[in-house]
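The figures here come from the full heavy-atom set of this structure, side chains too, leaving out hydrogens, waters and symmetry mates. Letters A, B, ... are given to chains in the order of the sequence lines, protein chains preceding strands, and every chain is numbered from 1.
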2 protein chains.
Amino acid sequence: MKRREFGQHCGLARALELVGERWALLVVRDLTVRPRRYTDLLEGLPGIPTNVLSTRLKELEQAGIVERQVAPAPQRGVVYTLTAAGHELEPAILALGRWGATQLGEPRPGDIVTPESVTMTLRATFNHGAAAGLTASWEIRAADLVLHAVVTDGKPDIGPGPAPGDPDLVVTVDPAGELPSYENLMQAMKCGLVQLAGPRELLDTFLHLFTAQGA
Amino acid sequence: MKRREFGQHCGLARALELVGERWALLVVRDLTVRPRRYTDLLEGLPGIPTNVLSTRLKELEQAGIVERQVAPAPQRGVVYTLTAAGHELEPAILALGRWGATQLGEPRPGDIVTPESVTMTLRATFNHGAAAGLTASWEIRAADLVLHAVVTDGKPDIGPGPAPGDPDLVVTVDPAGELPSYENLMQAMKCGLVQLAGPRELLDTFLHLFTAQGA
DNA sequence: CCGAATCCGCAGTGATACTG
DNA sequence: CAGTATCACTGCGGATTCGG
């Protein structure tokens, strides 16, 4: 497993040697959101060949970015997790994602949207300044997709799955055939094409927290 | 020139489709620092095949990231520049570079250091908070390498070449056989292994501006 | 079913030579 | 200076197969 090098003593070159191979950063993105199993990753990365995924996982493990854990008795399977170094990639991933979002046109036919990608976009657009001191929790539902956004004293916890406990506001969106992409979800919320379980003001708070460019 | 796609409607996936190919982000990095000609780029990217460089430049041009300009009469040559969209990649490049720098070990034999890579590292470590309201200018010299860092009311202009006008402090470092990498330069400055032309306090200011993690 | 390994065809890459 | 041409090679995409 010889790694191709760039011949430069440079942070960016080093980063690209470690996570610049095809699919690598998308694997890390999915693991940034939550630990996943091999088949979860396959499902969330449409079109990745199985040999490429297993090669990437080994390279990322060797680079100290990913950890392979054999889960104990009850669920018994292989779970991939990020190491501390892997989680430190998140700011870079969010920055790249923000730039790429400005270059996104209409969804191409066949494109999919995964919970991981929407989670990443929400994290990337979270407005830390506007959230200072705030505490509130939301649950977003759109067809299969369920996300939670919990803000505790300004610090966000954004990810797939329902909000723990009782969310302050549950927003149910009907994307009506459209992809449940970040843009479509926010659009529907702005237009009020949603069902709310909770105080309506919290919808405006949510939109305020996630529409401006994050930090 | 068909582009391979990732099948996801996602900012990160889009970014990787546009600048994820091998060498692409290093080309953008060099152009972030200053416009360059084809042979300048070849020189700053050791080992890049000429056909790969020309392919990348065409792809980046088609993506609206790079502009190819035929310079007029006097110098008459081809100059590559970043578009506005290209310059907007800088935060992502700096973030990736910061992460990669944490993964940099000792320089491998044969590794080189270019003015572009040192410039990028200085920009990445610039501490905007500590610079608020400050105005000062430095020129750093180490063998062939000459860099300027001009801070005007807290806003940095960092790049290769001498400082315009009269810099407040000129720092001459003798890396003595070592690579003139960011780490070696800063190390020499901290130890006082430098010659100064200007007030000594400004050396401490410089170290304070560039040692902490930037924003 | 999960977690891969294996094989094959091909496109992207690397190295070098060459040209307007 | 600014690329193009050629060719060997390797990594990737796609499919199938295999062991726990």
Side-chain angles (χ1 to χ4, degrees), chain A residues 1-8 13 16-27 30-31 35-63 66-81 110 112, chain B residues 1-8 13 16-27 30-31 35-63 66-81 110 112:
Chain A
M1 196 172 324
K2 205 178 169 142
R3 193 173 299 279
R4 285 184 297 174
E5 302 175 352
F6 283 108
Q8 292 201 271
L16 293 173
E17 285 169 7
L18 294 174
V19 296
E21 307 286 302
R22 195 160 164 77
W23 294 103
L25 221 45
L26 291 174
V27 171
D30 278 14
L31 294 177
R36 315 233 60 191
R37 291 180 307 172
Y38 185 84
T39 40
D40 297 333
L41 291 167
L42 273 184
E43 193 182 354
L45 301 169
I48 190 175
T50 63
N51 56 350
V52 171
L53 177 56
S54 82
T55 304
R56 289 294 162 272
L57 287 169
K58 277 179 212 155
E59 291 166 349
L60 291 171
E61 191 184 355
Q62 188 184 328
V66 157
E67 240 169 358
R68 184 184 195 273
Q69 294 170 340
V70 179
Q75 57 286 60
R76 65 191 212 60
V78 182
V79 175
Y80 292 94
T81 323
I112 70 167
Chain B
M1 197 170 321
K2 208 183 165 134
R3 196 172 297 280
R4 285 184 296 174
E5 301 173 352
F6 284 108
Q8 295 203 312
L16 292 174
E17 286 170 7
L18 294 175
V19 296
E21 307 287 300
R22 196 158 164 77
W23 294 102
L25 220 46
L26 290 174
V27 171
D30 278 14
L31 294 177
R36 316 233 60 192
R37 290 180 306 173
Y38 185 83
T39 41
D40 297 333
L41 291 166
L42 273 184
E43 192 182 354
L45 302 169
I48 190 175
T50 61
N51 56 350
V52 171
L53 176 56
S54 86
T55 304
R56 288 297 162 269
L57 286 169
K58 278 178 210 156
E59 290 166 350
L60 290 171
E61 190 184 356
Q62 188 184 328
V66 157
E67 239 169 357
R68 182 184 194 275
Q69 294 169 339
V70 178
Q75 58 285 62
R76 64 195 221 51
V78 182
V79 175
Y80 291 94
T81 322
I112 70 167

Helical bend (five base pairs per end, nearest 10°) for the helix from C/dC1-D/dG20 to C/dG20-D/dC1: 30°
Close N/O contacts between protein and nucleotides 6-8 of chain C (under 3.5 Å):
residue	atom	partner	partner atom	Å
C/dC7	N4	A/N51	ND2	3.4

Atom-to-atom span, CD of B/E43 to C1' of D/dA2 - whole angstrom: 15 Å
Contacting residues from residues 17-27 of chain A, given that a heavy atom lies under 4.0 angstrom of DNA chain D: A/E21, A/R22, A/W23
Contacts of type salt bridge (charged side-chain N to carboxylate O under 4.0 Å, His left out), residue B/E17, not counting sequence neighbours: A/R108, B/R14
Proximity to the side chain of B/T39 - top-ranked nucleotide from C/dA5, C/dG14, D/dA2: D/dA2
Short side-chain N/O contact to D/dT4 OP1/OP2 from B/K58, under 4.0 Å: yes
With sequence neighbours excluded, residues passing salt bridge (charged side-chain N to carboxylate O under 4.0 Å, His left out) with B/E67: none
Any residue meeting side chain to side chain contact (heavy atoms under 4.5 Å, CB included) with A/E43, in chain and number order, not counting sequence neighbours: none
Contact check, side chains of B/T55 and B/E21, non-hydrogen atoms, under 4.5 Å: no
Atom-pair distance (CD1 on A/I48; C1' on C/dG3), nearest Å: 14 Å
A/L16 and B/R22, any side-chain heavy atoms less than 4.5 Å apart: no
A/R56 side chain near D/dC12 phosphate (N/O to OP1/OP2, under 4.0 Å): yes
Partner residues of B/V79 under the side chain to side chain contact (heavy atoms under 4.5 Å, CB included) criterion, sequence neighbours left out: B/P35, B/R37, B/A71, B/T81
Whole-Å distance separating the OH atom of B/Y38 from the P atom of C/dG20: 16 Å
For atom CG of B/L53 and atom C1' of C/dT13, their distance in whole Å: 13 Å
Nearest-angstrom distance from the residue atom CZ of B/R4 to C1' of D/dG14: 14 Å
Residues in side chain to side chain donor-acceptor pair (under 3.5 Å) contact with A/R36, at least two apart in sequence or another chain: A/E116
Partners passing side chain to side chain donor-acceptor pair (under 3.5 Å) against B/T50 (at least two apart in sequence or in another chain): none
Salt-bridge present (B/E61, B/K58; N to O < 4.0 Å): no
Any residue meeting ring-ring contact (aromatic ring centres under 6.0 Å, His included) with A/Y38, in chain and number order, not counting sequence neighbours: none
